[in-house]
Protein chains: 2
Amino acid sequence: MNNIVEKCKAKNVRLTDQRKVIAEVMSNSTDHPDVDELHKRVNKVDKKISIATVYRTVKLFEESGIVEKHDFKGGKARYEEAPEEHHDHLIDINSGEIIEFVDKDIEILQNKVAKKLGYKLVDHKLELYGSKIKK
Amino acid sequence: MNNIVEKCKAKNVRLTDQRKVIAEVMSNSTDHPDVDELHKRVNKVDKKISIATVYRTVKLFEESGIVEKHDFKGGKARYEEAPEEHHDHLIDINSGEIIEFVDKDIEILQNKVAKKLGYKLVDHKLELYGSKIKK
DNA sequence: ATAATTGCAAATGCTTTGCTTGTGA
DNA sequence: TCACAAGCAAAGCATTTGCAATTAT
């Protein structure tokens, strides 16, 4: 079963053939592919889907809250299916590998900091960049 | 006195007229200007300095650890003089205003999280996006 | 002197868009 | 049916770069 397709239906996002393929590919990805990589994977299923459609679709999905966009270092935007529970990312500066993590204490402190400054926290971005400890 | 010019001398970064102007403008900026804005301010002092030179110079300064580059939401990179002490940013989603803050507890937790995942923390990015609480 | 720097314009890389044809509900 | 979506190629935008002329040390 396919999560993104379900979410599209729930949110009344029109489902075309190409959107179904893109949705499937994204649902089956456990990493954080950029548009180019997504396009390659999508083309394995249907060669005729253009990169413009991939761009338009990820943007549509993002605006519908179905996927999340990340601007990690490197210039190109990367996407993942919107998770049930929020998480942040640690990026391996050597391999580029991305590890997801959750830290409730940090979240609590972020809210506290924002409030102290007179703001209501609406969104945040936390990225850790690190190198593997060899043991 | 001009901090960035001093830092250039300390780091053996060749000081041309245009770099001096750019350094001065950046040292006198308390906000986080993008290259276009920087170019405008620089041109008030010397109309002939090209935007290519501004791009080359901020990159040079950044690689020398003299200024910091930020990729906040909005597409264009923004710069500030490298601070003595590290700080993070809260961005007002309505006005675009940027507030700097320091939270040692969050820093400590970040290191803890990285270590738990088997990584040595090399760098991090924390951006809070919020809206002003009206009282 | 001479290796580095500048200005200009052209090139780049990612992303968006106009337009015509195709299609889902 | 018919408003919306796709494909293609052209345009956009921030940033980089090749090259000839200029400059710092």
Side-chain angles (χ1 to χ4, degrees), chain A residues 2 4-26 32-43 45-64 66-79 96, chain B residues 4-5 8-26 32-64 66-79 96:
Chain A
N2 182 316
I4 295 183
V5 166
E6 299 306 318
K7 286 175 192 161
C8 286
K9 284 177 185 163
K11 303 209 176 192
N12 267 28
V13 171
R14 197 185 232 174
L15 270 174
T16 65
D17 286 347
Q18 2 325 51
R19 286 184 189 169
K20 271 180 216 153
V21 173
I22 296 167
E24 259 163 45
V25 166
M26 296 194 82
H32 302 67
D34 59 41
V35 171
D36 219 55
E37 177 59 30
L38 235 24
H39 184 226
K40 274 179 201 152
R41 295 181 191 175
V42 156
N43 273 180
V45 181
D46 182 347
K47 260 199 223 322
K48 290 189 300 303
I49 296 175
S50 75
I51 197 160
T53 296
V54 180
Y55 270 109
R56 280 192 270 238
T57 302
V58 290
K59 185 178 223 182
L60 173 72
F61 286 175
E62 196 214 342
E63 286 163 353
S64 312
I66 295 171
V67 310
E68 274 181 14
K69 179 184 184 182
H70 300 293
D71 297 293
F72 301 140
K73 295 182 185 182
K76 19 178 83 171
R78 309 179 62 164
Y79 294 85
Chain B
I4 294 183
V5 166
C8 286
K9 285 177 184 162
K11 304 209 176 193
N12 267 26
V13 171
R14 199 183 229 174
L15 270 173
T16 63
D17 286 347
Q18 9 312 59
R19 287 183 187 170
K20 270 181 215 151
V21 174
I22 296 167
E24 259 163 45
V25 165
M26 295 194 83
H32 302 67
D34 57 41
V35 171
D36 218 58
E37 177 60 31
L38 235 24
H39 184 226
K40 275 179 200 151
R41 294 181 192 174
V42 157
N43 274 180
K44 281 184 189 157
V45 181
D46 182 347
K47 261 198 224 319
K48 290 189 300 304
I49 297 175
S50 74
I51 197 160
T53 296
V54 180
Y55 270 108
R56 280 193 271 239
T57 302
V58 291
K59 185 178 223 184
L60 172 73
F61 286 176
E62 196 214 341
E63 286 164 353
S64 311
I66 295 170
V67 309
E68 273 180 16
K69 178 184 184 182
H70 300 293
D71 296 293
F72 301 139
K73 296 181 187 184
K76 17 178 87 172
R78 308 178 64 163
Y79 294 85

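Quick caveat: nothing in here was measured; it's all calculated off a predicted structure. Within every chain, numbering begins at 1; the chains are lettered A, B, ... in the order of the sequence lines, protein sequences first and strands thereafter.
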Length of the line joining [X]:[atom1] and [N]:[atom2], which is rounded to integer Å:
X	N	atom1	atom2	answer
B:Lys76	D:dG12	NZ	C1'	13 Å
B:Leu38	D:dT15	CG	P	11 Å
A:Arg14	C:dG22	CZ	C1'	12 Å
B:Glu37	D:dA14	CD	P	13 Å
A:Lys59	C:dC14	NZ	C1'	12 Å
B:Lys20	C:dT5	NZ	C1'	14 Å
B:Asn12	C:dT5	CG	P	12 Å
A:Glu63	D:dA5	CD	P	12 Å

>> Over all strands shown, is B:Asp36 touching base, sugar-phosphate only, or nothing at heavy-atom distances under 4.0 angstrom?
In response: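 It contacts nothing in the nucleic acid.
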> Reckon B:Asp34 touches a base, only the sugar-phosphate, or nothing at all at heavy-atom distances under 4.0 Å?
Replying inline: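 Since no nucleic acid heavy atom lies under 4.0 Å of B:Asp34, the category is nothing.
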Minimum heavy-atom distance between [X] and [Y], given as atom pair plus value:
X	Y	value
B:His32	B:Arg78	O-NE, 2.7 Å
A:Arg14	A:Arg19	O-NH1, 2.8 Å
B:Val58	B:Val67	O-CG2, 3.9 Å

> Is the shortest distance from a Lys or Arg side-chain nitrogen in B:Glu24 or B:Lys20 to a carboxylate oxygen in the other one below 4.0 Å?
Replying inline: no
> So what is the end-to-end bend of the helix from C:dA1-D:dT25 to C:dA25-D:dT1, with 5 pairs used at each end and the value given to 10 degrees?
Replying inline: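 Roughly 40°, once rounded to the nearest ten degrees.
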>> Go nucleotide by nucleotide along DNA chain D from the 5' end; which of B:Tyr79 and A:Thr57 gets its closest nucleotide reached first?
In response: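 Here A:Thr57 is the residue nearer the 5' end.
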> More 5' along DNA chain D: A:Thr16 or B:Gly74, using each one's nearest nucleotide?
Replying inline: A:Thr16
>> Determine whether a donor-acceptor pair (N or O, by modelled atom type, separation under 3.5 Å) exists between the side chain of A:His39 and the backbone of A:Ile49.
In response: yes
>> Main chain of B:Ser64, side chain of B:Lys11: is a donor-acceptor contact present, judged purely on distance under 3.5 Å?
In response: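 Judged by distance alone, yes, a pair lies under 3.5 Å.
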> Choosing from D:dA24, D:dC4, C:dT15, which nucleotide comes nearest the side chain of A:Val35?
Replying inline: C:dT15
Using nucleotides 7-9 of chain D, report all nitrogen or oxygen pairs with the protein that are shorter than 3.5 Å.
{"from": "D:dG7", "atom 1": "OP1", "to": "A:Gln18", "atom 2": "NE2", "distance (Å)": "3.2"}
{"from": "D:dG7", "atom 1": "OP1", "to": "A:Lys48", "atom 2": "O", "distance (Å)": "3.1"}
{"from": "D:dG7", "atom 1": "OP2", "to": "A:Ser50", "atom 2": "N", "distance (Å)": "3.1"}
{"from": "D:dG7", "atom 1": "OP2", "to": "A:Ser50", "atom 2": "OG", "distance (Å)": "3.2"}
{"from": "D:dG7", "atom 1": "OP2", "to": "A:Thr53", "atom 2": "OG1", "distance (Å)": "2.7"}
{"from": "D:dG7", "atom 1": "O5'", "to": "A:Lys48", "atom 2": "O", "distance (Å)": "3.3"}
{"from": "D:dG7", "atom 1": "N7", "to": "A:Arg56", "atom 2": "NH2", "distance (Å)": "2.8"}
{"from": "D:dG7", "atom 1": "O6", "to": "A:Arg56", "atom 2": "NH2", "distance (Å)": "3.2"}
{"from": "D:dC8", "atom 1": "N4", "to": "A:Arg56", "atom 2": "NH2", "distance (Å)": "3.3"}

> So, is B:Tyr55 near the phosphate of D:dT15, with a side-chain N or O under 4.0 Å from OP1 or OP2?
Replying inline: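 Yes, B:Tyr55 has a side-chain N/O under 4.0 Å of OP1/OP2 on D:dT15.
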>> Using the salt bridge (Lys or Arg N to Asp or Glu O under 4.0 Å) criterion, which residues pair with A:Lys48? Sequence neighbours excluded.
In response: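 If we apply the salt bridge (Lys or Arg N to Asp or Glu O under 4.0 Å) test to A:Lys48, skipping adjacent residues, the hits are A:Asp46.
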> Looking at OG1 of A:Thr53 and CD1 of A:Ile22, how far apart are the two atoms once the value is rounded to the nearest 0.5 Å?
Replying inline: 6.5 Å
> Stepwise, does the side-chain contact (heavy atoms from CB on, under 4.5 Å) test hold for A:Leu15 with A:Lys9?
Replying inline: CA-CA 8 Å; A:Leu15 270 174; A:Lys9 284 177 185 163; 4.0 Å; yes
